[in-house]
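Taking it in order: structure first as structure tokens, then the write-up.
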Amino acid sequence: MLTENIQINSGHSSMIHDIKYDYYGDKLASCGSDGYINVYDVSKKQQVAQIKIRDSPLFSLSWSHPRFGNVIATSSYDGEISIFKEQKDWMKIACFQNEGSVNCVQFMPRELFLACGTSDGFVILLDNNKNWDLDNKWQAHESTIHGLCWNQDGSLLATCSADKQIKIWEFTNNNKPQLKYTIKSHLDVVKDVQFHPLENNILVSGGDDGKLRIHKLEDDAVEIQVIDYHITIWRITFNMLGNLLTINGESNGQSKVQTLKQENNFQYGTIDCY
Amino acid sequence: MLLKTTQGSMSVWSNLKSQSNLLVTAVNDQWGSQLQFNSFNLGQKNTSTSIIGTVTSKDAVSCLAWENFAPETYPMGLVAAGTTEGYVALYDANSAINQEEESCVSIIDQLYEGPVTAIEFNEFKPNLIALGGQDVLIADIVKDIQNPSVFGPGNPNLHEDSSITAVSWNKKILHILASASQNGLTGVWDLRNNKPIFSFQDSSAVSNKKVSLLWNPEIPTQIAVAYDDERAPELQIWDLRNPQGPSIVFSQVHRSGINSLSWCPNDHSLLLTGGRDGQVVCWNYKTQSVVSQEQLDFEIADLKWSKRVTSVYSISSVDGQTSIRSLPSGKEGYAPKWLKPPVGSAYAFDQLASFKENNSAIQTYQIGKSDPDNIFESFNAFCSVDAEQNRIQLEMEKQHDQQYTQYWKLINSVQKEDKKEYLSTLGFSVQEITQQTENYTGKRHAKKDDQNKKKNQVPQRPAIDFATITDQDADSFFNDLTNQSLNKQQQTNTSRNQDVEIFQSEQVSKNTNWNVGVEKIIKDNLIVGNYEGAIDCALKCGRSAEALLLAYSQSKEIFEQTMSTFLTTQTDYFLKNVLKHIVLKHPDEIAKNYELNTWKECAAMVLNSDNTGQFHKIMEQVGDRFIAERKDEFNALQCYILAMNGEKCIKILVNHNNSLKELTEAIKLLIVIQEYSLTESDVFDRLFDGLILKFANYAIQHNQYLSAAYALNFSSPDCQRALELLDLLYKGNHKDRNIIQKIMEKPAFPFKYEQIKMGIVKQTQAQPVHAPNQPVSRPTRPAVNQHQHQEDHNVRQQVQQNPNSNTAAINNPFGPNVAKVVDDPVPPPNRRQVQKPAPPVKTAPPPNQPKKQEPQNIQPPPFVQEPFRQEQQPQIVPPTQPPPKHHVAPPPPPPPQPQQIQSNQQQTLPQQPFQQQQHQQQIAQQQQWQQEQQQQNNQQQILNQRTQQNAVQEIKQQTQQGKGVPPPPAPQRRGPPPPPKKQ
């Protein structure tokens, strides 16, 4: 089903840590240890921007919804969260300095409302409507937050951490997050957590215990499937409608990427490994 | 960063996944020692650990180890404590934590006369415990934990009489052990052959110094050695493949002897050393740099990375305090491995991009289309046909399940609005019936235009597939039906009930003598002119024809009364329920009472009756009866198709979409039914949108974007999700984009544009940088500046003219369309009420202030430039020969810096001239940006207005076209199309 297509030269001088397509799939942005965000135009097959952000590794980036134009948020190991907008060039719109590493960022779908997870277990929320002032910051986990994800309607934010827990925060009208679920089924560091792109209550997670877990959030968080992947799961990616799921794992320098296909009731089965 | 504090002069971490926050410390005092099991919770504010278990030893503990061993017996593993009295005690961690009385499972004694100085479990075979004291010993507890076998690593003893200070098992090869002694000698043992295989010694080492030693967890030929040496407090990494000298030497950071060493289990690049000078240094041996350096106010006796909690380590002081700390995060250049995702991927439509560690190329993958049973191909063919009639024709010609064939035939007849089509679809051939009638009566009934057609055709009853019904069911059904109809008549015809009863009781008389019996009474009535009496008599005696003739000769009123009485009194089901209503012109009554199994006859008859205006209504009623009485959706749907009732059709079809095939058939039917439906219904729209979205999701999942776009085109204009998907499919980068853009009008952007605000921007490092390979058309930087000045001017002008106007309200990211719209001669729209302009940039640095530049940051720490000590004097001691101590020249130093830095500098160089103007430029950029926003705002207003205009135009077109064929392929339902493309 998957066939190899072109290779894109990312232009990074060291490790890449995150890649994201924009809303229409025209541009692929990447960030890495060299502190650059590089933007590649997929249709034109050429790199269109190379933005020096920091002298520190960038772990994560997020595109905004296109109703705000082309906006990218990123965060660095030295703790800067920055937001760039494409004008004639990419221009820095706002930034926030955290004391420690900020490991993950994601815009709420359709909003310029940015959630960030830090190495000391805090979640930071920045809001365009407050001129990017700090909206909220709270200790969500005991230790490093490795991943976070909004659900599609922006009502829930999931965070996962080195404290082996996943927490799901509910945003009610007053925008004050309330802890709604705590998932403790992982035996080791949880590296990534992703909501299903269509289903607001389906959540997948993976981490150092090598298990991919699929949860359904109802009255409680119910685990509906466990896939033993054996090696550390670093990143989980859904496709547009969530019928494909790619697991990115790595162990001792050997990476293993596997794509799963959705079957009934959000159960996933293997189709491709490379 | 300090996290927790506790007591203890040494510590060891748990290796259990589930108990990673557990730490054993040894607290020594004059009476002996206590092992404390510390648990901690980083989330809690208190700074001390909680002691969850203790073990008391009568002698002071001199070294500690903890490993998982025989988990069924010891679920939390064994803690081994070497003592100053030369024995080792093994404790069951689980019973210690549960405070059971005897947690000591074994004492291995008579090992050394002096203290046990080093102890380590073999990770592969934890039954093997390496020990250091006067010499190296290995205890094997596999057979009998209480009486383990103890043996030496081999002969000769490399360390001679020097005391052992460290032992370490190789982390990859299980039978390789290394040991270090106070004389500075490091030896490597092969336990399979029981002999030493390698040794080296630092000639500068003097006796009575502690040497720490650890194997590289990643590269099995490398050993790290650290010396508690005042003069040369060094960390060295030796590679056995290159025995001339240490491969890497870290020096000049610790000011005093290094007496503790720990190799990070979670990032093998990192080593931690602690010294008598109170410094804790984290080294990256791969980049040969210091990652962090912390000065504490006590002499460090022991430190250990946590085995499972990333970035956390424990430090014990010589005066018996232990603290749990974490590596400061984010301050230094090197990010530890546990934070750096080495792999990742991203999806866009039918593309997957994926990166892997150590590869700067991003591999993309194409995900192929799939088309089970050619469903999407045929759906596309269906949608690409330009008229409803052709679509119907296409479907009729196709091989379908019988039910769909029937539906399409019915739709075809509805579309043609031709009675004969209807009848033949219903299964009646006008020709055949006419033929049969002619054969019977010998008289021609066919209309002229039919006469030329085949005459000698064998009469044949057309096969109709009716739903089967068991005899029993049928029987009870008819009983029910009869009762129902009787009840109804009783309600409506109570006035005539009496007559009915009278008439029903009589037998039909067929007397030919009009002078006797009832015939005489009739005749007499006629003679006296009592026609009504005569009629009643005639009816009662079964002379229906005479009665009707008589009534006909009288008034219309009498005739109708007579006819009604006649029909009501019939016991023949057909006469009573069908013929009656045909004659009485009450087709709806037929529908109510007609036998459902032969509903098609009913339909045909209603069609033939004059009252065809009620046809749709009647078919709807028949359909309702199928649902209510039989739950027969197949027949009901046929009725509803004839009824041209879209809402009722979709309510049935919506239940039949479990498979993609069913769903597709339903969508195709509904696309056509939607055109002919007589009912405007929100319910229909809502249900149809739901089906369309479901189909579009299926299509997108199969990467059939064209099919998805086709289907979404038929959704109602107030279905936001459909609008969003259509926009996504129209503009999105996938294989079908070109064809979709060719055949469809560009949908309006289904979201509200919104402005991004300026926040506080500290321009400390980041710079917008041009693309390395700019498109040719892109203006050079001076040109941009000029351009900006002009635009600046424009902005000011505009602001003066229109002080209330928005500076930046709406931001259209789709630049290329902008010019097109602006060129259109559309009058300027009403100004929208807008938000305040963006706040100014607060913190652009003054131009004269020197910026922190990358080169400065890239500058390596001073020690890196001197990675090798020139006066290095390592000595190689071949294990089997007496040591002919010779000096070995150090290997040539590696290039001082990787080339990467040069390239970084190159990248930053072209920025230099432009950075001076940075402040001005930023302001200019912002103004330009605001102006763009304003332009886009105007464009959006224009677009809005145009959309409205188009909507009006569209409505006009629709009214002109009436119910005719809609313009392909965009259906009428879809919202207003965008302005026509300008040539």
Side-chain angles (χ1 to χ4, degrees), chain A residues 1-3 5-10 12-13 16-21 24-26 28 42-43 48-55 57 66-69 77-79 85 87 89-94 100-101 103 119 128 131-132 142-143 162 187-188 234-235 237 239 241 243 246 248 250 255 257, chain B residues 17-18 42-43 310 329-330 335 339-349 352-357 360-368 697 700-701 731-733 751-754 756-762 765-773 784 811 813 839 854 857 900 903 925 929:
Chain A
M1 189 177 173
L2 290 178
T3 50
N5 204 343
I6 55 160
Q7 272 206 350
I8 295 170
N9 182 4
S10 71
H12 288 286
S13 59
I16 303 170
H17 295 311
D18 198 10
I19 54 174
K20 294 272 163 64
Y21 280 102
Y24 292 111
D26 278 319
L28 181 68
V42 183
S43 313
V48 289
Q50 204 168 9
I51 316 158
K52 175 79 180 179
I53 310 285
R54 300 293 283 176
D55 275 333
R67 74 194 189 97
F68 305 101
Y77 177 61
D78 67 359
K85 179 175 166 60
Q87 307 292 136
D89 288 309
W90 285 87
M91 183 178 151
K92 196 171 185 176
I93 292 293
S101 172
N103 303 322
S119 264
N128 179 46
N131 293 334
W132 298 106
E142 284 177 23
S143 56
L187 295 176
D188 211 333
W234 273 94
R235 287 285 179 247
T237 323
N239 74 342
L241 297 182
N243 57 312
T246 294
N248 302 278
E250 191 260 2
S255 53
V257 180
Chain B
K17 271 187 185 176
S18 54
L42 290 176
T310 52
S329 133
L339 289 178
K340 296 192 289 193
V343 282
S345 56
Y347 276 101
F349 297 97
L352 172 67
S354 168
F355 67 90
K356 291 180 183 183
E357 189 173 14
S360 67
I362 299 169
Q363 179 67 51
T364 64
Y365 297 86
Q366 186 73 38
I367 306 162
N697 280 355
I700 292 169
Q701 288 180 356
K731 294 181 197 149
N733 182 16
F751 301 98
K752 195 177 143 222
Y753 287 116
E754 226 168 287
I756 181 166
K757 294 176 181 169
M758 284 295 286
I760 296 167
V761 179
K762 278 181 240 152
Q765 293 185 13
Q767 295 284 332
V769 176
H770 266 301
N773 44 356
V784 170
N811 168 26
E854 279 95 295
N857 289 333
Q900 179 196 337
S903 69
Q925 263 189 348
W929 172 57

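Note that this is a predicted model, so its numbers are computed, not measured. Convention: sequence-line order gives letters A, B, ...; per-chain numbering from 1.
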CD1 of Ile756(B) to CG of Asn128(A), rounded to nearest 0.5 Å, is 5.5 Å
When rounded to the nearest 0.5 Å, the distance separating CG of Asn239(A) from CD1 of Ile367(B) is 6.5 Å
One should read off an interatomic distance between Ile19(A) CD1 and Ile362(B) CD1, to the nearest 0.5 angstrom, of 5.0 Å
Residue pair Leu241(A) / Tyr347(B), side-chain heavy-atom distance below 4.5 Å: no
When the 4.5 angstrom heavy-atom criterion is applied to Asp18(A) and chain B, the contacting part is backbone
d(Leu352(B) CG, Thr237(A) OG1) to nearest 0.5 Å is 7.5 Å
Applying a strict 4.5 Å limit to non-hydrogen atoms, the region of Asn9(A) in contact with chain B is both
Between Lys757(B) and Trp132(A), the two heavy atoms sitting closest are O-NE1, 3.0 Å
The reported gap from NZ in Lys356(B) to CD1 in Ile16(A) (rounded to nearest 0.5 angstrom) is 12.5 Å
- Task: Using modelled atom types only, decide if a donor and an acceptor are shared between the side chain of Gln363(B) and the backbone of Ile8(A) within a distance under 3.5 Å.
- Result: no
Output for pair (Glu250(A) CD, Lys340(B) NZ), nearest 0.5 Å, gives 11.0 Å
Side chain to side chain, Thr246(A) and Ser354(B), heavy atoms closer than 4.5 Å = no
